[in-house]
Amino acid sequence: MIVLVTGTDTGVGKTFFTVNLLKVLLDAGREVLGLKIVETGCNPLCEDAKKISEVCGEEIPPIYSFRTPVAPSVAERLERREIDIDYLKSKILSISKNCEILVAEGAGGIMVPISGSYTFLDLAREVADEVLIVALNKLGVINHTLLTVEVCKYNNIPVRGVFLNNYEAQDKSAETNFETLSYLLDVPVYEFSSSSDFSRFVNLF
């Protein structure tokens, strides 16, 4: 199984989510691996991939990495390096054969372009079994989350759930966003604030 961890935006806590989900699944004896598909802003280390590798107990570098902290398609143009989408997909599928569940983390949101006009949405449609959406509990999250879920549903991509990151409540809306999203969405909505909350997610798969 390949699950894509995406966000409603950049900086919403995808890597924190990915790392802690991997921890609880590994502690439960599941055969699971993590992967940062493409990482930008590697200067020089790819910090997200490093954190994922540490919890998995083996070095799993991004399939592509760039120094410039921009969308992958922009980074490839600025650094004059091409991302081969066929290679990217084959690499993900190859890694997934070594585990029961591959938790693959994207970059930014679902519509972020990887190469040219090819987005993480396209990648999810072609290789992922399910999508997990991480959202930061702040003003604007309702709109961003509804749009992300809607575009996945429109493209027939199963959404396992929305995971609302409560770390350091951002503003007054944080008091009502979970209730509002739970009412408006027909997919499960979960909350997390710290690593200790992730034991509740061990039976997701």
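Residues: numbered from 1 along the sequence shown.
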Checklist line | Passing option when Asn166 is tested against Asn177, Asn137, Asp197 for side chain to side chain donor-acceptor pair (under 3.5 Å) | finding: Asn137
Checklist line | Close side-chain approach of Pro158 and Asp129, heavy atoms under 4.5 Å | finding: no
Next item on the list: Determine whether the side chains of Tyr87 and Glu82 contain a donor N or O and an acceptor N or O closer than 3.5 Å.
Entry: no
Item checked: Phe16 vs Val134 side-chain heavy atoms within contact, under 4.5 Å -> no
Checklist line | Presence of salt bridge, Asp186 and Lys153, under 4.0 angstrom | finding: yes
Next item on the list: Indicate the ring-plane relationship of Phe198 and Phe192, choosing parallel, tilted or perpendicular according to the 30° and 60° boundaries.
Entry: tilted
Check: Is the closest basic N to carboxylate O distance between Asp171 and Lys138 below 4.0 Å?
Finding: no
Item checked: Heavy-atom closest contact (Cys42 atom, Ser65 atom, distance) -> SG-CB, 3.9 Å
Check: Do Arg67 and Glu79 meet the salt-bridge criterion of a basic N to acidic O distance under 4.0 Å?
Finding: no
Next item on the list: Would you indicate whether the side-chain heavy atoms of Thr15 and Glu105 approach each other to under 4.5 Å?
Entry: yes
Margin query: Taking Val38 as the starting point, is it possible to reach Ile63 by hopping between hydrophobic residues whose side chains are less than 4.5 Å apart?
Written below: yes
Check: Below 4.5 Å, heavy atoms only, C-beta onward: do Leu204 and Phe163 meet side chain to side chain?
Finding: yes
Note to self: Does any part of the side chain of Val32, heavy atoms only, come nearer than 4.5 Å to the side chain of Val103, both counted from C-beta?
What the structure shows: yes
Check: Under the 3.5 angstrom rule, does the side chain of Tyr64 hit a backbone N or O of Glu76 as a donor-acceptor pair?
Finding: no
Checklist line | Leu136 side chain near Val141 side chain, heavy-atom distance below 4.5 Å | finding: no
Margin query: How close do Thr40 and Ala71 get, counting heavy atoms only, and between which atoms?
Written below: CG2-C, 4.4 Å
Notebook entry, point to check: Taking 4.0 angstrom as the limit, do Lys50 and Glu54 come out as a salt bridge?
Noted result: yes
Note to self: Are Ile110 and Leu4 packed together at the side-chain level, in the sense that at least one heavy-atom pair is separated by less than 4.5 angstrom?
What the structure shows: yes
Notebook entry, point to check: Looking only at heavy atoms, which two atoms of Ala135 and Thr145 are closest? And how far apart?
Noted result: CB-OG1, 3.6 Å
Note to self: Taking the cut-offs as 6.0 angstrom to the six-membered ring centre and 45 degrees off its axis, would you call Arg81 and Phe66 a cation-pi pair?
What the structure shows: yes
Next item on the list: Would you kindly confirm whether Phe17 and Phe178 end up in one hydrophobic cluster when ILVMFWY residues are joined by side chain heavy atoms under 4.5 Å apart?
Entry: no
Notebook entry, point to check: Does the side chain of Val202 reach to within under 4.5 Å of the side chain of Leu21, using non-hydrogen atoms?
Noted result: no
Item checked: Closest contact, heavy atoms only, Thr6 versus Gly108 -> OG1-O, 3.7 Å
Notebook entry, point to check: Out of curiosity, does Leu78 fall in the hydrophobic cluster containing Ile83 (side-chain heavy atoms, cut-off under 4.5 Å, transitive links)?
Noted result: no
